[in-house]
Structures are given as C-alpha cells and as structure tokens.
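From a predicted model like this one, the values you see are computed outputs, not experimental measurements.
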Amino acid sequence: MTTDFHPKSDFLAILLERGFLHQCSDLEGVDAKARSGDLTAYIGFDCTASSLHVGSLLPIMMLRWLQKTGNKPVPLMGGGTTRVGDPSGKDESRKLLSIEQIDENKNSIKKIFAKFLTFGSGSHDAIMPDNAEWLTALNYIEFLRDVGRHFSVNRMLSMDSVKMRLERDQELSFIEFNYMCLQAYDFVELNKRYGCVLQMGGSDQWGNIVTGIDLGRRMGRPQLYALTSPLLTTSSGAKMGKTAAGAVWLNEDMLPVYDYWQFWRNSEDADVGRFLRLFTELPMDEIHKLETLGGAEINEAKKILANEATTMVHGREAADLAAETARKTFEEGTISASLPTIYVTAQELSAGIGVLNAFVKAGLVASTGEARRQIKGGGLRINDELANDDRALLSQAHVNSDGVIKLSLGKKKHVLLKAE
C-alpha cells in the first residue's frame, strides 16, 4: 500500500498503521466519508461451515475498527450466495449445501460477531442482513434484463477467479460463473437499503468488488468504493489459520479454547509483531516494544499475543485459564484438567483403541496416514513416552494415575483421553 497517503480519518489511519490496507479504489473518497462519520461498509461472509475460522478474523477486525472510529459496520450473511459457491481461490467447485444446512451454519456463525460489534438501531450500530432476503426473491428473466445486461462476459472471463480455473483445466460451473454477478448486486442492494458505499474484503475479492462498483455506476447509484486487505500467510509461507489437524475455528464447540490459545502461542517469531497489530488492540507503542524482543524473550511476546487474541474471541477468563493450563503443562510438567479432553466408553477402552485412530479422534492429526508418519518421525507421545508402534492398542493399562491417557503431538499439543 502506498506510503504517500496521509489519512485524516482515524479509520484509515488505524488500518494503514496496523497493516490492514492492500488496495483501495479511492483513498481520498473513503477517507472523507470516514472522517465525517458517514461511512457504512460491509463485508460478506458465506455460510459454508458452522463456524468461521481464524482467516475470517482480519475482516472482522476491520469492521470492529470501523465501528470504534464512529462509522457503521455491516457484516452480510451470505444465505443466498452460499447456495451458489464463491469460486475465488478455489481449484474445484464447493460442495453445494442444503438450505437447512446453510441456515444452521448461519445461525451458528452469527454468535461470533456479537463479541466484536455492537448491534442495535443507532446510526453507528452494526446490522446483519442476509442476502437471501433479496437474492431468493429475484425473477431470473427480470434479473437478466435489469442487471445481467450490465455485465461483460469478456471482462468476467478476465477475472482471476475464472482464469485460474480455466487455465488449470478445472471445471467452472455456470452457477459459479454467476457468483460475481450476485456479489455485485449485493453491493447495489445494500446501497439502496442502507446507504452502504464501501465493500471490504481480502485481496482475492478485488475483482468481484470493483465489478460491484461498476454495476452501481451503470444502475445510477452514488459513488461506491472498494478496499481490500492482504491475504495472510505465515512467514514460512503457510496459509494463515491452517494446522496439521485442520482449520483453527472460532467457535468453542469446534475447537477448544486451549487449542486456540496454543495456535497463537506457537506463532513464528517473525509473525509476532504483525499478528499483534492485526489481531489485538494493544497500543502501537507497546507492540513496538514487544516485537523488538529476541531470543527466549520473544516467547513472552507470544504469550501476550495468545492471551489478547484469545480474549477477543473467548473472553479474559477463558484466556487466563488457557494460559494457566499451558504454564502447568510446560513449566511444571503436570497434567492440567483444563487440557482438551476426548471421551470413550469403558467398553471401547477394554476392547482396545487403535493408536492411530486415537490420535485422529483427538484432533492432533488429520488422518491415520499422518499419524503413521508422525510415529515414524518420533512426533507422537503417549503419556510422555514416544509412540513407536503404529499397530498398538490403547487400553486400561495405559490409564495413568490421573485417570487419563495423555496424547501429545510434539511438545506443545496435548489431549487427554478419558473413559466415561
């Protein structure tokens, strides 16, 4: 992002200083709107799973800063667009979900926004519309006549989300090809209904967002704007929010708080400063001090990152409990009852549970094949002893004096297995 621009609004100043800005269609225009307190902006969230994951935190934080600086955030639920599937960044079509599953997912992911935004009827209170309200009511022929005529197929074929699939000879269904039309129409509809003039999102959404700006112009709407954030990867190039065991979910029923805390505690040294800027609200002068720490001291900065990031999603009490669990586990070498726990029946344990399946069930690995590879590499432990036989069975004989079997991946990820 350009460093020649000096924002006058608190919103853009914060986004620029903390590393949220990647592209913007008109910095001066957005800055003027934000400075006046008259900026209504939205980000769309499709309902493809029952929880959002860490990758969604960055756009949620953008909406939070928008509201904290006196403007109006609109997290848009994609109850309609989820029925189509966004092809952006995908090599293959998304699995189409039932209407019932989409509604269940929508109701589940709504909960996370209440922790970041204030909802209500005030001028700066957040609202959460669902694009199913207008998309499912569209008449296809009327939509093609009134909206579809404004789209150029030539231009649509030039979009990265389309080109990537075509260049890799991956099938792009007609329904997915229409996704950018529906997203563009969302922008126009939100402008009509709520005066929304800015759409934000990840940099992979740039083409879709500017298509919405163009549609707004062609349909006689006021000037619309686009703003994107960088797509996040770790310093080693890994995709943000992915681990060996899968996605880092925000809902506690999908990922225990302790595991969420550990995800941030295990950040790479080079990422600590950047993550503190993006995923906490610590003052910048404090962040500057923390990111200068080196050697073993960087671990203290990682603990602060884990505490602050976990507090944002799960609350201070849960974050403190996770931190104390980690301290007992790593510094005292004791087993904490607060470690994630999976349960099996006494009958299952008596019959014997395959060690590979046990580690998969615990969520420490994604598959039995991965568990087997970890055993060969010395990465798995049972009650702090190396697991060296991939055909072994866990039984009552493995239950320790605390009444559990401790399963570990490396030195930092632990799950307790307990018979009910």
Side-chain angles (χ1 to χ4, degrees), residues 53-54 234 236-239 241-249 252-269 296 299 302-303 306 310 321-420:
H53 54 72
V54 161
T234 64
S236 61
K239 188 174 181 179
K242 293 288 186 179
T243 68
V248 181
W249 302 106
E252 187 177 353
D253 60 347
M254 298 278 283
L255 185 76
V257 177
Y258 175 79
D259 285 349
Y260 188 80
W261 189 93
Q262 276 295 142
F263 167 76
W264 296 105
R265 170 63 180 81
N266 294 338
S267 297
E268 297 174 29
D269 292 2
N299 289 324
K302 291 181 182 181
K303 291 176 185 177
T310 303
L321 180 59
E324 179 62 13
T325 299
R327 189 189 68 79
K328 288 181 177 179
T329 302
F330 303 122
E331 296 177 17
E332 296 181 7
T334 60
I335 293 180
S336 171
S338 299
L339 282 172
T341 303
I342 59 169
Y343 294 92
V344 297
T345 64
Q347 291 85 350
E348 286 180 290
L349 197 57
S350 296
I353 301 171
V355 64
L356 302 180
N357 287 327
F359 277 94
V360 173
K361 184 178 176 67
L364 291 169
V365 292
S367 66
T368 55
E370 185 183 343
R372 189 175 287 109
R373 289 191 293 274
Q374 288 285 355
I375 287 176
K376 288 181 179 178
L380 300 183
R381 291 177 179 267
I382 302 168
N383 292 329
D384 297 322
E385 298 290 334
L386 276 177
N388 49 30
D389 183 0
D390 59 19
R391 293 171 295 180
L393 295 177
L394 299 182
S395 66
Q396 188 64 40
H398 292 89
V399 176
N400 60 26
S401 59
D402 293 300
V404 297
I405 302 174
K406 182 182 178 185
L407 306 176
S408 305
L409 170 64
K411 297 180 179 180
K412 297 180 178 180
K413 298 208 70 174
H414 311 278
V415 173
L416 306 181
L417 185 149
K418 189 173 185 178
E420 293 181 297

Side chains of residues 360-369: which donor-acceptor pairs under 3.5 Å do they make with residues two or more places apart or in other chains?
unit_1: Ser367; atom_1: OG; unit_2: Glu370; atom_2: N; d: 3.1

Should [X] and [Y] count as side-chain neighbours, where that means a heavy-atom distance under 4.5 Å?
{"X": "Leu321", "Y": "Val257", "result": "no"}
{"X": "Lys413", "Y": "Gln262", "result": "no"}
{"X": "Leu393", "Y": "Ile353", "result": "no"}
{"X": "Val399", "Y": "Leu349", "result": "yes"}
{"X": "Lys302", "Y": "Asn266", "result": "no"}
{"X": "Thr341", "Y": "Val404", "result": "no"}

Please report the closest heavy-atom contact between [X] and [Y], naming both atoms and the distance.
{"X": "Ala326", "Y": "Trp261", "answer": "CB-CZ3, 3.4 Å"}
{"X": "Tyr258", "Y": "Pro340", "answer": "CD2-CD, 3.3 Å"}
{"X": "Gly378", "Y": "Leu386", "answer": "O-CD2, 3.4 Å"}
{"X": "Ser408", "Y": "His414", "answer": "OG-ND1, 2.7 Å"}

Exercise for the section: Starting from the C-alpha separation in whole Å, work towards a yes-or-no answer on side-chain contact (heavy atoms from CB on, under 4.5 Å) for Leu409 and Leu380. Expected result: CA-CA 5 Å; Leu409 170 64; Leu380 300 183; 3.6 Å; yes
Would you give the length of the straight line joining atom [atom1] of [X] to atom [atom2] of [Y], rounded to the nearest 0.5 angstrom?
{"X": "Ile382", "Y": "Leu407", "atom1": "CD1", "atom2": "CG", "result": "6.5 Å"}
{"X": "Leu394", "Y": "Phe359", "atom1": "CG", "atom2": "CZ", "result": "7.5 Å"}
{"X": "His398", "Y": "Lys406", "atom1": "NE2", "atom2": "NZ", "result": "15.5 Å"}
{"X": "Glu348", "Y": "Tyr343", "atom1": "CD", "atom2": "OH", "result": "14.0 Å"}

Problem - Thr310/Phe263 under side-chain contact (heavy atoms from CB on, under 4.5 Å): CA gap, chis, key distance, verdict - result: CA-CA 10 Å; Thr310 303; Phe263 167 76; over 6 Å; no
Problem - side-chain contact (heavy atoms from CB on, under 4.5 Å) between Val54 and Tyr260, intermediate numbers included - result: CA-CA 9 Å; Val54 161; Tyr260 188 80; 3.7 Å; yes
Completion exercise
Asp389 meets the side-chain contact (heavy atoms from CB on, under 4.5 Å) criterion, sequence neighbours left out, with Arg391, Ala392
Handout entry: Any donor-acceptor pair under 3.5 Å from Asn383 side chain to Ile405 backbone
Key = no
